[in-house]
Amino acid sequence: MESRARRPQMMRGRASPFDEHEKPENLAATRRRIIGYFAREKFFVGGIFAAIVAAIGFDLAVPALQSRAIDVIAGQSSEPFFPVLWLMLGCSVLAGCLGFVRDVLSARIGQRLIGRLRAELFSKIVNLPVGYIDRHSHGDLMSRMTNDIDNISNTVSMALPTLFSGVLTIAGTVSVMLWFSWQLTLVACTTIVLTAVSVSLLAGPVRRATRVRQELLGALNGKAEETISSYRTVVAYGQQARMGEEFERVSDQLTHSGVKAETLAGILNPVMNAVSNAGLILIVACGAAFALKGMITVGVIAAFLRYARQFSRPINELAVVWGQLQTAIAGAERVFAILDEASEDGSGRDLRLESSAGIEFKGVTFGYDPKKPVIRDFSLSVPAGGTVALVGATGSGKTTIANLLLRFYDPQQGEIRVGGQNIAEVSRESLRRQMAIVLQDTVLFAGSIRENLSYAREGAGPEDLWHAVRLARCDDLIEMLPGKMDAKITSGGTLSAGERQLLSIARGFVADPRILILDEATSSVDTRTEKAVQEAIREVMSNRTSIVIAHRLSTIRDADLIVVMDAGRIVEQGTHAELMARGGRYRELYDMQFAGLDT
């Protein structure tokens with residue numbers, strides 16, 4: 001009775017012992033860490049265990065009381081009938097109430113655990129090195145935050161209580177059955193052998209069919225995601241019918257595979273029912289023989305029939321729960337793998353820039369894969385308050401220079417100095433406080449415009465925000481929005497790519513940095529707006545050390561120094577006029593661009 005209300009939840013989704021479950025690699029170590037989280041919830045764990053033990057006790061008492069009632073009816077006992085009946089009712093009600101208490105405590109401990117894990121995981125993720133995030137799939141990180149932690153929570157709130165309950169129910173039922181009749185207990189246990197044989201015969205075919213179904217489901221989801229994410233391209237080339245046919249082909253394969261898997265898995269219940277019924281028939285037959293010999297009473301036979309059902313149910317549930325535990329522990333391993341990663345190193349002294357914010361690269365060599373350098377023996381001096389533009393073909397290493405300057409990565413060789421100080425010896429936090437970066441890929445967070453602009457500098461007042469938006473030439477845009485500074489920004493909002501980029505530029509201006517990095521900051525705005533923004537950028541860059549990464553060479557003609565990069569090396573440097581007169585790589589890029597060719 002106690003576990004009856006629990007079964008529909010646990011078995012939801014037609015779970016079976018044959019479903020594919022991810023296997024943990026280090027079961028013992030992960031299990032110890034999970035137990036460590038439970039140790040913080042001793043009160044709830046103790047309450048759950050006490051509720052389970054008490055509920056099982058009352059559950060086991062009901063068939064025994066039923067046996068006594070039947071013996072009274074059959075005239076084999078002279079005790080009062082109705083007191084036994086009231087005891088049966090009381091035990092049933094108490095078992096149900098204790099089952100409810102167990103469910104509530106299980107849900108509470110599950111949610112507390114999932115909340116703590118998610119908080120720890122998110123705190124770790126936002127403090128990981130940029131290199132770790134770059135090397136790992138963002139979808140995989142999100143899956144660990146959601147799916148893996150949900151699996152752990154579901155196991156805590158459903159599978160673990162069911163596991164405890166199942167083990168104790170089996171142990172208690174066998175003990176009571178042995179107390180009634182050890183001979184009939186041996187007969188009842190034959191159903192376990194029949195069940196094990198049936199499961200072993202069905203396991204292989206069902207597992208293979210389930211694996212194929214899961215692979216096809218992944219392919220179908222991938223096809224749907226690809227079509228939706230590339231919908232504009234699909235429509236632009238009129239390929240809706242083709243994509244529909246491909247989706248339908250995979251869907252048909254999944255349908256056939258699903259039917260096969262469900263059919264094979266569906267055989268389990270009829271087989272288990274047949275085995276269970278055969279066991280009951282065997283108990284009745286042998287019990288009748290024992291009763292005729294005076295070894296047991298009719299009430300004992302009735303009790304054994306109840307106990308036999310009560311005995312077989314947890315065996316089936318435990319098979320399902322074991323698979324869920326394997327999946328949950330494997331998910332916990334993935335979560336713990338991130339928690340065990342080293343956070344970004346925050347050590348080092350504060351970077352203090354008095355009057356000079358000059359930048360110097362000395363023999364810097366770096367590769368995201370150390371065996372494949374993308375920056376080779378790079379040396380460059382950016383004078384304080386000067387503007388240096390980096391140009392070159394895609395993949396020449398321009399953006400990597402910005403990544404190194406911000407210490408998203410550290411070079412394998414050489415050093416970078418800011419204000420005469422080696423940035424490898426200063427803390428990343430103090431270094432980044434002196435810088436602002438405006439990227440080509442605009443990033444705006446869900447929230448108001450005010451919140452997005454204030455993201456660059458805590459304590460920025462309204463005057464600072466409005467000054468920045470005027471410089472970025474987006475004050476008219478904000479004035480037209482309902483709510484102005486309090487207008488909400490959403491991923492699917494009405495702001496164009498150019499408008500979002502102007503807000504990103506304004507956020508960089510709010511930071512009021514000593515060093516400004518612009519990575520193709522005006523790529524999404526129109527030519528007229530770009531000209532106005534470039535004037536504002538020149539105003540902002542005055543008295544600031546600036547590094548500009550540009551593909552549009554017209555935007556960096558006034559730079560103090562233009563550096564031409566190729567394959568991670570500097571191939572040319574000088575002013576616009578000097579490089580044009582030299583007729584080298586820069587002149588070639590410039591002529592190609594203004595001839596309308598792709599650079």
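Residue numbers run from 1 in the order of the sequence given.
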Practice task
Looking only at non-hydrogen atoms, find the nearest pair between Ala384 and Thr545 and report the distance.
Solution key: CA-OG1, 3.5 Å
Handout entry: Pair listing, side chain to side chain donor-acceptor pair (under 3.5 Å) test, anchored in residues 460-469, at least two apart
Key = none
Exercise for the section: Write down the atom of Thr575, the atom of Ile562, and the distance for their closest heavy-atom approach. Expected result: C-CD1, 4.3 Å
Handout entry: Spacing of CG belonging to Leu589 relative to CD belonging to Glu572, to within rounding of 0.5 Å
Key = 8.5 Å
Practice task
Go through the steps for Arg249 and Glu245 under the test salt bridge (charged side-chain N to carboxylate O under 4.0 Å, His left out), then give the verdict.
Solution key: CA-CA 6 Å; Arg249 175 176 54 81; Glu245 290 172 0; over 6 Å; no
Handout entry: Closest approach of Gly363 to Ser379 (non-hydrogen atoms, all atoms of both residues)
Key = N-OG, 2.9 Å
Handout entry: Beyond-backbone contact of Leu220 with Ser251, side-chain heavy atoms, under 4.5 angstrom
Key = yes
Handout entry: Asp560 (side chain) donor-acceptor with Val388 (main chain) under 3.5 angstrom
Key = no
Exercise for the section: Show your reasoning for whether side-chain contact (heavy atoms from CB on, under 4.5 Å) applies to Ser454 and Leu465. Expected result: CA-CA 8 Å; Ser454 301; Leu465 302 186; 3.8 Å; yes
Handout entry: 4.5 Å side-chain heavy-atom contact, Ile401 and Phe361
Key = yes
Exercise for the section: Describe, in one word, how the ring planes of Tyr409 and Phe366 are oriented to each other, choosing from parallel (under 30°), tilted (30 to 60°) and perpendicular (over 60°). Expected result: tilted
Problem - side-chain contact (heavy atoms from CB on, under 4.5 Å) assessment of Phe509 paired with Arg470 - result: CA-CA 10 Å; Phe509 292 169; Arg470 290 189 187 99; over 6 Å; no
Handout entry: Exam field: side chain Lys398 to backbone Met565, donor-acceptor pair closer than 3.5 Å
Key = no
Completion exercise
Taken to the nearest 0.5 Å, the spacing of Arg587 CZ from His576 NE2 works out to 8.5 Å
Practice task
State whether Lys124 and Glu120 are salt-bridged, where the test is any N-O pair (Lys NZ or Arg NE/NH1/NH2 against Asp/Glu carboxylate O) under 4.0 Å.
Solution key: no
Exercise for the section: Look only at the side chain of Ser381 and the backbone of Glu360, and say whether a donor-acceptor pair between them is shorter than 3.5 Å. Expected result: no
Handout entry: Exercise: identify the closest heavy-atom pair between Ala511 and Ala436
Key = CB-CB, 3.8 Å
Practice task
Measure from the side-chain N and O atoms of Asn422 to the backbone N and O of Ala424, and report whether any donor-acceptor pair falls under 3.5 Å.
Solution key: yes
Exercise for the section: Could you verify whether a donor N or O on one side chain and an acceptor N or O on the other, from Tyr368 and Asp134, lie under 3.5 Å apart? Expected result: no
Practice task
Flag the pair Glu588 and Arg585 as a salt bridge only when some basic side-chain nitrogen lies within less than 4.0 angstrom of an acidic carboxylate oxygen.
Solution key: yes
Exercise for the section: Quick one: pull up CZ in Arg507 and CG in Leu502 and give me the separation to the nearest 0.5 Å. Expected result: 12.5 Å
Handout entry: Other residues, nucleotides, ligands: >12 heavy atoms within 6.0 Å of Glu429 CD
Key = no
Problem - salt_bridge(Asp486, Arg450) N-O dist < 4.0 Å - result: yes
Practice task
State, with a plain yes or no, whether a side-chain heavy atom of Ile423 is found less than 4.5 Å away from one of Val426.
Solution key: yes
Problem - Heavy-atom donor-acceptor pair, Arg428 side chain to Asp345 backbone, under 3.5 Å - result: yes
Problem - Ala468 to Val510 - nearest heavy-atom pair and separation - result: CB-CG2, 3.3 Å
Completion exercise
Shortest non-hydrogen pair, Ala487 vs Leu481, comes out as CB-CB, 4.0 Å
Practice task
Report yes if some heavy atom in the side chain of Glu344 is under 4.5 Å from a heavy atom in the side chain of Asn127; otherwise report no.
Solution key: no
Practice task
Could you grab the distance from atom OG of Ser546 to atom CD1 of Ile517, nearest 0.5 Å is fine?
Solution key: 9.5 Å
Practice task
Please examine the side chains of Ile449 and Leu453, heavy atoms only from C-beta on, and report whether any two atoms are closer than 4.5 Å.
Solution key: yes
Practice task
Taking side-chain contact (heavy atoms from CB on, under 4.5 Å) as the test, write out the residues that go with Lys488, two or more places apart.
Solution key: Ser448
Handout entry: Any donor-acceptor pair under 3.5 Å from Arg432 side chain to Leu406 backbone
Key = yes
Handout entry: Side-chain heavy-atom pair Met485, Val469 within 4.5 angstrom cut-off
Key = yes
Fill in the blank from the handout: Rounded to the nearest 0.5 angstrom, the CG-CD1 distance for Leu121 and Ile338 is 5.0 Å
Exercise for the section: Indicate yes or no for a side-chain donor-acceptor contact from Thr365 to the backbone of Gln413 under 3.5 Å, with no hydrogens or angles considered. Expected result: no
Exercise for the section: For atom CZ of Arg116, decide whether the heavy atoms of other residues, nucleotides or ligands shown that lie under 6.0 angstrom number more than 12. Expected result: yes
Handout entry: Arg407 bridged to Asp410 by N-O distance under 4.0 Å
Key = yes
Practice task
Take Arg514 and Leu351, measure what side-chain contact (heavy atoms from CB on, under 4.5 Å) needs, and give me the verdict at the end.
Solution key: CA-CA 12 Å; Arg514 299 292 299 276; Leu351 175 67; over 6 Å; no
Problem - Beyond-backbone contact of Leu380 with Ile570, side-chain heavy atoms, under 4.5 angstrom - result: yes
Fill in the blank from the handout: d(Ile114 CD1, Arg118 CZ) to nearest 0.5 Å is 4.0 Å
Problem - Residue pairs passing the ring-ring contact (aromatic ring centres under 6.0 Å, His included) test where at least one lies in residues 413-448, sequence neighbours excluded - result: Phe445-Tyr455
Exercise for the section: Using modelled atom types only, decide if a donor and an acceptor are shared between the side chain of Ser396 and the backbone of Ala567 within a distance under 3.5 Å. Expected result: no
Handout entry: Derivation of the side-chain contact (heavy atoms from CB on, under 4.5 Å) call for Phe336 and Asp148
Key = CA-CA 11 Å; Phe336 293 149; Asp148 290 333; over 6 Å; no
Handout entry: 4.5 Å side-chain heavy-atom contact, Arg349 and Glu425
Key = yes
Problem - Gln573 side chain to Leu561 backbone, donor-acceptor under 3.5 Å - result: no
